[in-house]
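Presented below is the structure to which this report refers.
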Amino acid sequence: MSVTADLFQVLNERGMVAQSTDEAISERLAKPCVGYIGFDPTADSLHVGSLVPIMGLAWMQRCGHRPLVVVGGATALIGDPSGKSEMRKMLSRDDVAANAAAIGDQIGRVVRFGDDATGAALLNNADWLADRSWIDFLREVGPHFSVNRMLTMDSVKGRMEASGISFLEFNYMVMQAYDFLHLQRSHGCTLQMGGQDQWGNIVMGIELGRRIAEVSLAGLTMPLVTKADGGKFGKSEAGNIWLSADRTPVYQFYQFWRNVADADVGRFLSFFTFLEMDQVNQLASAEGRAINESKEVLAFEITKLVHGEAAAQQAQADAQKAFSASADVTGDSIPHAAIAASELEAGIGILALLVRAELAKSNSEARRLVQGGGVRIHDARIDDPTHTVTTAALQDGYLLLRAGKKRLYRFDLEA
RNA sequence: GGGCAGGUACCGAAGUGGCCAAACGGGGCAGACUGUAAAUCUGCUGGCUUUCGCCUUCGAUGGUUCGAAUCCAUCCCUGCCCA
């Protein structure tokens with residue numbers, strides 16, 4: 001069996017290659033191979049930043065290779081110092097195990113798991129690292145690492161310049177390097193991909209493989225996603241955008257992509273969708289307000305990928321209705337909750353209602369929002385913080401609270 | 001173990017006895033303008049309170065004082081240098 005498309009070519013064309021180990025990586029990838037990407041289970045959900053490596057896995061699969069998803073159950077107990085100025089808090093083993101399972105599920109929405117030639121496999125490095133003897137491990141891999149060399153790695157240097165690096169974290173790269181070697185032995189894995197910040201860790205693995213097993217391994221990193229305006233990618237008013245619908249409701253997830261800057265449309269389409277590049281370029285070249293339609297495609301495609309087609313359609317339909325002239329906000333994906341008739345009859349303070357709708361974190365924040373003119377009930381602006389909401393504010397059996405132009409929350413009258 | 005320098009709000013960073021809920025910058029939120037965009041301009045940005053005021057915050061704990069982020073003691077943590 002041969003590969004169906006050149007992985008390197010595909011990724012490169014999409015701007016998804018930051019660095020690769022050698023010029024010949026393209027030839028190496030002409031034959032089906034096994035590759036892996038690691039994910040740190042530091043939370044029970046990945047966020048949108050992880051979509052880049054997830055897409056890397058998916059493209060691997062589509063190009064005829066076998067992707068391995070390695071959840072860092074062991075390495076998460078250590079904490080990757082790369083790209084961080086401070087040490088992370090340590091997680092308990094139970095937390096890590098639960099997180100690992102949840103993350104596997106999320107990746108499974110985009111990548112097909114299976115036992116066949118291109119079926120992905122989910123592995124946890126705790127399985128081969130957690131119970132290793134410290135002495136045995138040191139004796140096996142220790143001699144092959146030069147501390148001098150390790151000190152030159154960016155991840156270490158960065159930390160030394162900032163707040164210092166503990167011995168705990170210093171070991172992270174050793175463990176990750178060992179992962180690569182282990183996967184080569186157990187699964188014939190010869191490729192590791194990852195975010196750009198993983199370059200050092202990947203290179204250490206390749207060197208370890210050459211030194212201990214005399215195998216030739218390859219590495220490829222994908223670019224860090226940035227925003228055209230230089231801001232942090234993956235953040236919004238509500239904080240991180242997560243892949244879990246529990247943490248980031250689908251409507252919000254959709255809106256996140258719907259609201260990207262014009263200049264980011266093309267790049268995001270090529271990174272986060274499977275659309276052909278011809279189509280991507282065409283969508284990205286739309287000008288003026290026409291590009292809004294491209295953003296709808298972007299938001300729909302990514303939401304479909306992460307939350308499924310039905311949820312994506314729902315979010316899109318609800319968003320379109322909410323922003324149209326008639327402003328229909330009765331869709332299911334619009335954030336909402338029920339409210340008892342008795343509460344409205346008694347009257348509820350606008351501030352309390354804003355907090356309840358999670359449009360403000362505290363009464364003070366809600367007050368500021370009101371005083372700043374950002375709050376509306378249906379279309380009526382509320383600028384009095386002492387305003388009391390009663391049944392009189394109901395329209396068609398619901399109450400619509402708006403904070404700013406885009407954030408909204410609906411209270412349905414409890415039947 | 002020794003010496004030195006530090007630990008301030010989301011981040012960076014001023015403040016070194018009362019005028020400090022704490023300058024300034026970034027970030028964030030809101031308003032205006034727009035295309036659910038960018039840029040720009042304006043306001044807000046600890047909590048509770050109907051603008052008075054009260055409470056919590058300047059690594060931690062005690063203390064000095066009418067009064068402390070600011071002074072003292074002890075402790076914890078970080079960086080640099082030495083061993």
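The structure displayed is predicted, hence computed values, not measured ones. The figures here come from the full heavy-atom set of this structure, side chains too, leaving out hydrogens, waters and symmetry mates.
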Worksheet item: When you compare G47(B) with U40(B), how far apart are their C1' atoms, in angstrom units rounded to a whole number?
Response: 34 Å
Worksheet item: What nucleic acid atoms does Arg258(A) come within less than 4.0 Å of, heavy atoms only: base, sugar-phosphate, or nothing?
Response: base
Item to complete: Answer with base, sugar-phosphate or nothing: what part of the nucleic acid does Arg381(A) contact at a heavy-atom distance below 4.0 Å?
Response: sugar-phosphate
Item to complete: Kindly state whether the ring of His307(A) and the ring of Tyr251(A) have centres lying under 6.0 angstrom apart.
Response: no
Worksheet item: Below 4.0 angstrom from OP1 or OP2 of U49(B), is there any side-chain N or O of Ser364(A)?
Response: no
Practice prompt. Provide the Watson-Crick or G-U wobble partner of U65(B), both distances under 3.5 Å; none if there is no partner.
Written response: none
Worksheet item: Counting any heavy atom closer than 4.0 Å, what does Gln255(A) reach on the DNA or RNA strands: base, sugar-phosphate only, or nothing?
Response: base
Worksheet entry | Side chain Lys405(A) and base U34(B) donor-acceptor under 3.5 Å | yes
Discussion item. Could you tell me how far A68(B) sits from G59(B) if I compare only their P atoms? Round to whole Å.
Written reply: 15 Å
Worksheet item: What is the nucleic acid contact for Ala263(A), judged by heavy atoms within less than 4.0 Å: base, sugar-phosphate only, or nothing?
Response: nothing
Practice prompt. Look at all strands and tell whether Asn363(A) reaches a base, only sugar-phosphate, or nothing, counting heavy atoms closer than 4.0 Å.
Written response: sugar-phosphate
Worksheet item: So which nucleotide does C75(B) pair with, by the Watson-Crick or G-U wobble rule with both distances under 3.5 Å?
Response: G59(B)
Worksheet item: Does a side-chain heavy-atom distance below 4.5 Å link Tyr409(A) with Ile334(A)?
Response: no
Worksheet item: Among the nucleotides C48(B), U36(B), G46(B), which one has an atom lying closest to any side-chain atom of Lys406(A)?
Response: U36(B)
Discussion item. Tell me which nucleotide, if any, is Watson-Crick or G-U wobble paired with C44(B) when both distances must be under 3.5 Å.
Written reply: G28(B)
Item to complete: Could you state the atom-to-atom distance from CZ of Arg407(A) to P of G28(B) in whole Å?
Response: 14 Å
Worksheet item: When rounded to the nearest Å, what value does the distance between C1' atoms of U16(B) and C82(B) take?
Response: 30 Å
